[in-house]
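We name chains A, B, ... by the order of the sequence lines, and we start the count at 1 in each one. Model, not experiment: these values are computed from the prediction.
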Amino acid sequence: MCKVRTKEPCRMPWVYINEIGQHEGQDVTLKGWLYNKRSSGKLHFLQVRDGTGILQCVVFKSDVPPEQFDLADHLSQESSLIVTGTVRADARAPLGYEVSVKDLQLVHTAESYPITPKEHGVAFLLDHRHLWLRSSRQHAILTVRSAVIRACRDYFDGKGFTLLDAPIFTPAACEGTTTLFATDYFGETAYLTQSGQLYAEAGALAFGKVYCFGPTFRAEKSKTRRHLTEFWMIEPEVAFMDLAGDMDLAEDFVEYVVQRVRREQRSHLEALERDMTVLERVRKPFPRVTYSEAVELVRQAGFLIQWGDDFGADEETAISKQFDRPVLVHRYPTECKAFYMKADPENPRLALCVDVLAPEGYGEIIGGGQREDDLETLRAKIRAHNLPEESFGWYLDLRRYGSVPHAGFGMGIERVVAWICNLPHVRETVPFPRMLERLRP
RNA sequence: UCCCCGGUAGCUCAGUCGGUAGAGCGUUCGGCUGUUAACCGAAUUGUCGCUGGUUCGAGCCCGGCCCGGGGAGCCA
């Protein structure tokens with residue numbers, strides 16, 4: 001039993017809420033913030049969060065000195081505090097456990113907190129993103145994101161890939177078609193990268209199997225639930241791998257990431273009311289259709305589309321609705337795809353590429369394919385796309401010195417997290433989303 | 001860039017036919033020994049996005065602008 005003091009906190013083991021069950025019957029200290037409070041005259045219920053969970057702490061009038069009881073009555077939302085008390089199992093508590101408070105120390109009194117337990121609009125919450133992160137829903141989503149990234153890295157690390165990160169500043173467009181963010185680089189114009197792939201190719205021809213993982217930037221004025229101007233992409237690249245191997249890798253990778261996150265993050269996913277049966281079905285083999293077959297599926301769904309058109313969001317959803325797990329769509333027309341895609345030797349109008357479409361309307365989560373490895377063919381494609389050949393000198397070198405077939409893909413982390421969590425918008429899958437018209441906070 | 005919707009109290013919103021604004025929540029104070037977005041009572045809260053116009057009179061009607069949200073194209 002602690003002696004009552006108001007200035008100096010009790011010295012008991014500092015524990016986190018997610019391990020509170022191991023301390024039943026013991027006196028412990030929690031350090032956290034007031035999430036919510038309810039009061040019933042002679043007792044106060046403090047919902048305390050510490051970053052690992054939310055725990056109910058009960059303050060009985062008879063257990064603490066009068067000034068501490070009065071403090072508990074007047075604590076403002078998000079005030080930081082140190083609580084010491086006895087851990088008890090109690091069916092009436094939301095977590096199954098609660099703490100009977102013996103000592104309560106205030107660290108800082110929060111000013112009137114803008115985000116109340118009631119409803120708020122999206123714009124208000126995004127303006128207060130730095131505080132919104134404290135809510136249990138955002139905590140769940142961003143913890144899942146952390147687990148997704150860990151699973152991605154473990155997958156490639158465990159298969160002998162070397163992490164080879166690409167630069168953020170680049171001198172020219174990787175793909176030429178999309179808009180880039182320009183910055184002043186000591187008097188020269190540099191662009192923020194929109195893909196690490198070209199550099200990953202250099203890595204693959206050096207190390208065999210590599211992946212890069214980092215932020216990428218697209219200055220497109222896209223205003224949709226699937227777009228950010230800054231997003232994170234993981235891009236494996238493998239020498240001596242063809243399109244078939246690329247598809248096998250993408251399939252195995254997606255299965256691994258989804259199944260591992262499903263197992264590790266069950267409690268957070270259930271808190272987000274995610275239908276777990278959808279995730280359980282994400283098992284190999286995934287269905288594979290050619291672009292031409294996909295066009296037929298889209299036509300049967302009632303869309304007017306011509307062979308050669310790329311799929312829009314509605315068409316992608318129409319394709320993925322035909323299947324109960326991710327679907328691989330391969331061999332798009334070359335004119336839909338970037339210059340570095342290798343043409344199919346059996347039909348030069350087709351590119352050796354693959355997109356992975358997630359179920360439930362989440363669209364393209366992976367884009368990749370086999371790269372053009374012939375020097376003269378690649379030069380011709382660069383000219384045909386009106387790209388400056390001099391900017392790609394080093395890239396062409398990869399086709400001069402021991403060129404080999406190679407392939408890879410890029411997976412957008414935010415889209416995968418949105419899909420796994422079943423969120424309506426990618427903006428909640430990254431701590432501080434960057435979108436058209438939103439740079440702050 | 002295009003299409004649609006919105007901007008009223010700290011927050012979420014209502015505001016009829018054009019007559020200078022209202023609810024819930026929050027906050028503050030009081031009550032309650034088991035609350036679960038607690039409840040009960042009282043108090044508190046306004047540059048109606050900005051600007052110009054119509055009108056005796058504009059939150060409301062008209063023009064311009066700003067900001068935000070949703071969607072398209074493009075992409076991961």
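A donor-acceptor pair is defined here as one N or O able to donate and one able to accept, closer than 3.5 Å; such a pair exists between the side chain of A:Arg145 and the backbone of A:Thr429.
Closest-nucleotide positions on RNA chain B for A:Lys337 and A:Ser76 were compared, and the one nearer the 5' end corresponds to A:Ser76.
Proximity of the aromatic rings of A:Tyr395 and A:Tyr199 is defined here by a centroid distance below 6.0 angstrom, and this criterion is not met. Ring-centre distance between A:Tyr291 and A:Phe311: below the 6.0 Å cut-off.
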Filtered N/O pairs between nucleotides 31-34 of chain B and protein, under 3.5 Å:
| from | atom 1 | to | atom 2 | distance (Å) |
| --- | --- | --- | --- | --- |
| B:C32 | N3 | A:Gly41 | N | 3.2 |
| B:C32 | N4 | A:Gly41 | N | 3.4 |
| B:U33 | OP2 | A:Lys42 | N | 3.2 |
| B:G34 | N1 | A:Glu98 | OE2 | 2.7 |
| B:G34 | N2 | A:Gln56 | NE2 | 3.3 |
| B:G34 | N2 | A:Glu98 | OE1 | 2.7 |
| B:G34 | N2 | A:Glu98 | OE2 | 3.3 |

Dump every N/O contact between nucleotides 1-5 of chain B and the protein below 3.5 Å, one line per pair.
| from | atom 1 | to | atom 2 | distance (Å) |
| --- | --- | --- | --- | --- |
| B:U1 | OP1 | A:Lys221 | NZ | 3.3 |
| B:U1 | O4 | A:Lys221 | O | 2.7 |

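Stacking of A:Lys337 on the aromatic ring of A:Tyr332 is recorded, both the 6.0 Å distance cut-off and the 45° axial limit being met.
Residues A:Asp344 and A:Arg349 are not paired through a salt bridge, judged by the lack of any N-O separation under 4.0 Å between the basic side chain and the carboxylate.
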Would you be so kind as to tabulate the donor-acceptor pairs closer than 3.5 Å made by side chains of residues 323-330 of chain A, with sequence neighbours excluded?
| from | atom 1 | to | atom 2 | distance (Å) |
| --- | --- | --- | --- | --- |
| A:Arg325 | NH1 | A:Arg283 | O | 3.0 |

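Side-chain contact, A:Asn422 with A:Tyr362: a donor N or O sits under 3.5 Å from an acceptor N or O.
For A:Arg415, taking side-chain heavy atoms from C-beta onward, the closest of the listed nucleotides B:A76, B:G68, B:U35 is B:A76. Of the candidates B:A72, B:C75, B:G26, the closest approach to any side-chain atom of A:Ala313 belongs to B:A72.
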